[in-house]
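The first residue of the sequence shown is numbered 1, and numbering continues consecutively from there. Whatever order the structure lists them in is the order used to number ligands and atoms, beginning at 1. Just the heavy atoms: all of them, side chains too, but no hydrogens, waters or symmetry mates, feed the values below.
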Amino acid sequence: MVVQGSQQGHVAQIIDGKAVAKTIRAQLKVDIDALVGKGHRRPGLAVVLAGDDAASALYVKNKIKACKEVGIESFFHKFDADITLEQLTACVQALSQQADDVDGILVQLPLPGRLPAEGVLQALSPEKDVDGLTTISMGRLLEGKPGLRPCTPSGVIELLKQNKVEISGKRAVVVGRSNLVGKPAALLLMQHNATVTVCHSKSEQLDEICRSADILVVAAGRKQFVKGSWVKPGACVIDVGIHHDKNEQGQSEICGDVEFAEASRVAAWITPVPGGVGPMTIAMLLSNTLTAYKMRKGVK
Ligand code: GUN
């Protein structure tokens, strides 16, 4: 396929999220070891998982493993899918208000079918909201006030900064309007002085809007939704999607929301899937946990 605007033989620079995340985690370990060396306790993260979703179970396992590696203590709370909203809320409330060794609380989403995420998240103290998803954290982000920011969108910003991709003054397009990624990503890009457009599956001329982007952040939740021909030559493409699939030979394959090979021939920078945004989400969660700990304990 010949992509409009592509140059013969051009390949985008890969933004290596795994490497950036590794550096962040190594620094966190140094910081935490230094705190422990001064006699402080370790930061603590409570991880709450309800139900049997296999992908969620894997994410949670990876988060707990990552905690251990940097020296954050984790407290795992696992519930069956038939837990009631009252029971789950009571757990989150107790962790928020009583558990002194818990600096951060992560409620893995999505919750089992009938349970509203908002109901549970509102029981979570904003000071321990390391996912940045409560209404108060979102409000702080909207107003540009200090607070804990959602992990995936802050990981996106960190990737742009670490790769020296200019944000200020640039046109950023965010595809997707979820509370978890799209909306907070747009707000963070705006705070970094980008001119931001948010679009979604119902937007008209989506291809044209995407083609106007210097920075294209795609969190559409649909496999290879953004085509290579939608990418502006020289753009930076950040793919937040992750989809597990089988190829024609029946082998497992992971891909994102963007047609990677085609987009790579047009863009100047692109994140791979896996190894792009994914590792950053966990790194930012660990970083937020240390931030929450320092704020609660009043240490620098
Ligand atoms: N499910 C998918 N991504 C996330 C995330 O970043 N945080 C939480 N809590 N749940 C998720």
Side-chain angles (χ1 to χ4, degrees), residues 17 21 24-25 45-67 72 74-79 81 83 88-89 91-92 95-96 102-113 115-126 128-138 141 147-159 174 176-185 187-188 217-223 238-244 254 256-257 271 273-274 276-289 291-292:
I24 292 172
R25 282 157 67 156
L45 174 70
V47 179
V48 179
L49 174 66
D52 320 300
D53 181 68
S56 290
L58 182 62
Y59 289 140
V60 160
K61 189 176 148 207
N62 289 337
K63 288 170 185 176
I64 290 173
K65 185 167 162 247
C67 280
I72 291 174
S74 61
F75 307 92
F76 184 34
H77 297 262
K78 166 87 177 80
F79 297 100
I83 188 171
L88 199 53
T89 304
C91 167
V92 171
L95 289 169
S96 284
V102 169
D103 304 290
I105 305 168
L106 169 116
V107 180
Q108 185 65 28
L109 302 176
L111 293 173
L115 297 178
E118 315 84 66
V120 179
L121 289 176
Q122 297 330 316
L124 207 161
S125 149
K128 295 188 179 184
D129 178 20
V130 285
D131 247 341
L133 295 179
T134 59
T135 301
I136 291 177
S137 297
M138 287 288 198
L141 168 61
L148 296 162
R149 307 301 193 217
C151 302
T152 303
S154 38
V156 168
I157 298 293
E158 206 55 38
L159 279 181
V174 179
R177 52 179 160 173
S178 67
N179 289 341
L180 199 58
V181 186
K183 284 182 208 164
L187 290 166
L188 286 173
V217 178
V218 188
R222 293 195 196 182
K223 191 178 132 187
I238 306 286
D239 188 348
V240 181
I242 182 151
H243 307 272
H244 298 261
I254 297 178
D257 286 357
T271 57
V273 178
V277 174
M280 292 301 290
T281 299
I282 297 188
M284 300 321 286
L285 170 71
L286 302 173
S287 170
N288 276 353
T289 304
T291 303

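- The side-chain heavy atoms of Val60 and Lys78, taken from C-beta on, include no pair separated by under 4.5 Å.
- Taking 4.5 Å as the limit, some side-chain heavy atom of Ile24 sits within range of a side-chain heavy atom of Met280.
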Residues 150-159 side chain polar contacts: donor-acceptor under 3.5 Å, at least two apart:
{"residue": "Thr152", "atom": "OG1", "partner": "Thr281", "partner atom": "OG1", "Å": "2.9"}
{"residue": "Ser154", "atom": "OG", "partner": "Pro150", "partner atom": "O", "Å": "2.7"}
{"residue": "Ser154", "atom": "OG", "partner": "Cys151", "partner atom": "O", "Å": "3.3"}
{"residue": "Glu158", "atom": "OE2", "partner": "Gln162", "partner atom": "NE2", "Å": "3.1"}

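- The closest side-chain heavy-atom distance from Leu141 to Leu188 is below 4.5 Å.
- Note that the CZ atom of Arg25 and the CD1 atom of Ile72 stand 10.0 Å from one another [nearest 0.5 Å].
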Below 3.5 Å only, please: the N or O atoms of ligand 1 paired with protein N or O atoms, distance on each line.
{"residue": "ligand 1", "atom": "1 (N)", "partner": "Gln108", "partner atom": "NE2", "Å": "3.2"}
{"residue": "ligand 1", "atom": "1 (N)", "partner": "Leu109", "partner atom": "O", "Å": "2.8"}
{"residue": "ligand 1", "atom": "7 (N)", "partner": "Asp131", "partner atom": "OD1", "Å": "3.4"}
{"residue": "ligand 1", "atom": "7 (N)", "partner": "Asp131", "partner atom": "OD2", "Å": "3.0"}
{"residue": "ligand 1", "atom": "9 (N)", "partner": "Val107", "partner atom": "O", "Å": "2.8"}
{"residue": "ligand 1", "atom": "9 (N)", "partner": "Asp131", "partner atom": "OD2", "Å": "2.5"}
{"residue": "ligand 1", "atom": "10 (N)", "partner": "Leu109", "partner atom": "N", "Å": "3.0"}

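- Rounding to the nearest 0.5 Å gives a distance of 12.0 Å between CD1 of Ile136 and CG of Leu148.
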